[in-house]
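The next block holds one structure in the form of structure tokens; read it before the comments.
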Amino acid sequence: MSIFDELTRLKDEVTSEIRGASTLEVLEETKIRVFGRKGGALTTILRGLGSLSAEERPEVGRQANEIKEFLEGLLAERQAELRGEALEGRMLEERIDVTLPGCWPPPGRIHLINQVIRQIKDIFRGLGFGVIRGPEVETDFYNFEALNIPADHPSREMWDSFFLREGLLLRTHTSPVQVRVMEASEPPVRIIVPGKCYRRDAVDATHFWEFHQVEGLLVDEGVTFADLKGTLEVFARALFGKRRRARFNPSYFPFTEPSAEVMVDCFLCEGAGCRMCKNSGWIEIMGCGMVHPRVLSRVGYDTERYTGYAFGMGVERIAMLSRGIDDIRLLFEGDDRFLRQF
Ligand code: FA5
């Protein structure tokens, strides 16, 4: 076979091979077999030009180059075609159905305790109180001493805590913030303090070792117990509605004089007496009283001129009473089946 026949045969063969290639991989193999630098069919022919006679060489060279250009063009064309097909296929495969419903992460919700704190804040803001926070890790001084509870005072037992290093402890109530606020400002003072408290209490249906309180403090000229009672009655009515009854019981706190406890009638037994209210028919929601003059004078307030009232309410108890929850532990378990009801 003459070299010209060989070239024509190669051209025909490779042309049909390129046209028939069904994938980019097959095309790449053909390319290597024809144009490959080592052993490519056309490369070998072009390299062999040197051994041809001087008459044959230019014509063979011309034809071989023509075929090379032709085949290269054909190859590029087929490559573009196959790439287009592959892209189309991928687009079909990866098509997004925009009509499918999306996957939403479940939206979070505000925990019932925080819902109740917000409700309490709203009521007191409406009565002109500001809202501030204080530290959960307290000193013995602010948690006890400054509240008229010296080291050997028996009432410390009611507020046993978790003690940390160097006289620090987890605060047992929000009352220490009263002192911090009065030290930092002059009367009139009118604030509430929501926050977490900790106690070494035995856990039962109404007690947990961590819980939340909202402290209230009002100091001004001419403040009386009647102001305290009126304010808390407005608060109880706004929060529980007219159906729940509230009452004041005389009580004792070293930092208030006189002192009282506010009780609300039990939602479970409607006052008849049950496990929840320890058969009393009432659930205690807060302690309150007139700020003890010793607490006022310790922060440098003129006790002849200023009087004040304070209260500290348990947020969990209020949540339980207003939403009909019969065990405080449910509020701390973090079970979404329970929490998503509120
Ligand atoms: C106090 O903590 C006083 N600081 C309240 C106070 C403030 C009195 C200002 C006078 C002036 P007491 O220990 O009673 O008081 O707690 C107040 C409220 O916190 C209780 O009525 C109750 O609702 C809630 N509480 C107390 N201990 C727990 C507990 N272990 N778990 C859940 N709630 C609790």
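Read the numbers this way: they start at 1 and go in the same order the structure lists the ligands and their atoms.
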> Where do T15 and R19 land on the side-chain contact (heavy atoms from CB on, under 4.5 Å) test, with the steps shown first?
Replying inline: CA-CA 6 Å; T15 300; R19 291 215 166 108; 3.4 Å; yes
> Taking it one step at a time, do E138 and R180 satisfy salt bridge (charged side-chain N to carboxylate O under 4.0 Å, His left out)?
Replying inline: CA-CA 11 Å; E138 248 320 345; R180 289 181 176 275; 2.8 Å; yes
>> Let's go through E233 and K229 carefully: what are the C-alpha distance in whole Å and the side-chain angles of both, what is the deciding distance for salt bridge (charged side-chain N to carboxylate O under 4.0 Å, His left out) to 0.1 Å, and is it a yes or a no?
In response: CA-CA 6 Å; E233 272 168 1; K229 203 159 177 246; 3.7 Å; yes
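Proximity of the aromatic rings of F124 and F311 is defined here by a centroid distance below 6.0 angstrom, and this criterion is met. In this structure, the ring of H173 has its center no less than 6.0 angstrom from the ring center of F253.
Residue contact annotation: S259 has no non-hydrogen atom under 4.0 Å from ligand 1. Heavy-atom distances between W159 and ligand 1 reach below 4.0 Å in at least one pair. Within the 4.0 Å heavy-atom shell around ligand 1 one does not find E210. The closest approach between a heavy atom of T206 and any atom of ligand 1 is below 4.0 Å. At a 4.0 Å cut-off, at least one heavy atom of F255 sits close enough to ligand 1 to count as contact.
Remark: minimum distance from atom 26 (C) of ligand 1 to any protein heavy atom is reached at R199 NH1, 3.5 Å. At the top of the distance list for atom 25 (N) of ligand 1, counting protein heavy atoms only, stands F211 CE1, 3.6 Å. For atom 22 (C) of ligand 1, the closest heavy atom belonging to the protein is R317 NH1, 3.4 Å. With hydrogens left out, the protein atom closest to atom 9 (C) of ligand 1 is E215 OE2, 3.3 Å, a heavy atom. Among all protein heavy atoms, the one lying closest to atom 24 (C) of ligand 1 is G314 CA, 3.7 Å. In this structure, the protein non-hydrogen atom closest to atom 15 (O) of ligand 1 is F253 CE2, 3.4 Å. For atom 19 (O) of ligand 1, the closest non-hydrogen atom of the protein is Q213 NE2, 3.2 Å.
Side-chain contact annotation: D204 with H207, donor-acceptor N/O pair under 3.5 Å present. The closest side-chain donor-acceptor pair between S155 and Y252, if any, does not fall under 3.5 angstrom.
At a heavy-atom distance under 4.0 Å, no atom of E316 approaches ligand 1. The proximity of E284 to ligand 1, defined as any non-hydrogen pair under 4.0 Å, involves the side chain as well as the backbone. At a heavy-atom cutoff of 4.0 Å, ligand 1 is contacted by the backbone of I285 but not by its side chain. With a 4.0 Å cut-off on non-hydrogen atoms, C197 does not touch ligand 1 at all.
A continuous path of Ile, Leu, Val, Met, Phe, Trp and Tyr side chains, each step under 4.5 Å between heavy atoms, connects F141 with V291, placing both in one hydrophobic cluster. M158 and V203 are members of different hydrophobic clusters when ILVMFWY side chains are connected at heavy-atom separations under 4.5 Å. Cluster annotation: F255 and L218 are assigned to distinct hydrophobic clusters (Ile/Leu/Val/Met/Phe/Trp/Tyr, side-chain heavy-atom contacts under 4.5 Å, transitive). In the hydrophobic cluster analysis, where Ile, Leu, Val, Met, Phe, Trp and Tyr join through side-chain heavy atoms closer than 4.5 angstrom, I192 is grouped together with V234.
In summary, the atoms of ligand 1 found under 4.0 Å from a heavy atom of H207, numbered by their order in the structure, are 29 (C), 30 (N), 31 (N). Residue contact check: T256 has heavy atoms under 4.0 Å from atoms 10 (C), 11 (C) of ligand 1. Atoms of ligand 1 found under 4.0 Å from any heavy atom of D201, numbered from 1 in the order shown, are 27 (N), 29 (C), 30 (N). The distance from ligand 1 to the heavy atoms of A310 drops below 4.0 Å at these ligand atoms: 9 (C), 11 (C). Shown in contact with F208 at under 4.0 Å from a heavy atom are these atoms of ligand 1, numbered in order with element: 29 (C), 30 (N), 31 (N).
Annotation for L87: hydrophobic cluster partners, listed by chain and number, are M91 (ILVMFWY side-chain heavy atoms under 4.5 Å, direct or chained).
Backbone and side-chain nitrogen or oxygen atoms of Q178 are examined, and none is located within less than 3.5 angstrom of a nitrogen or oxygen of ligand 1.
Classification of the Y198-F162 ring pair by plane angle, with boundaries at 30° and 60°, yields perpendicular.
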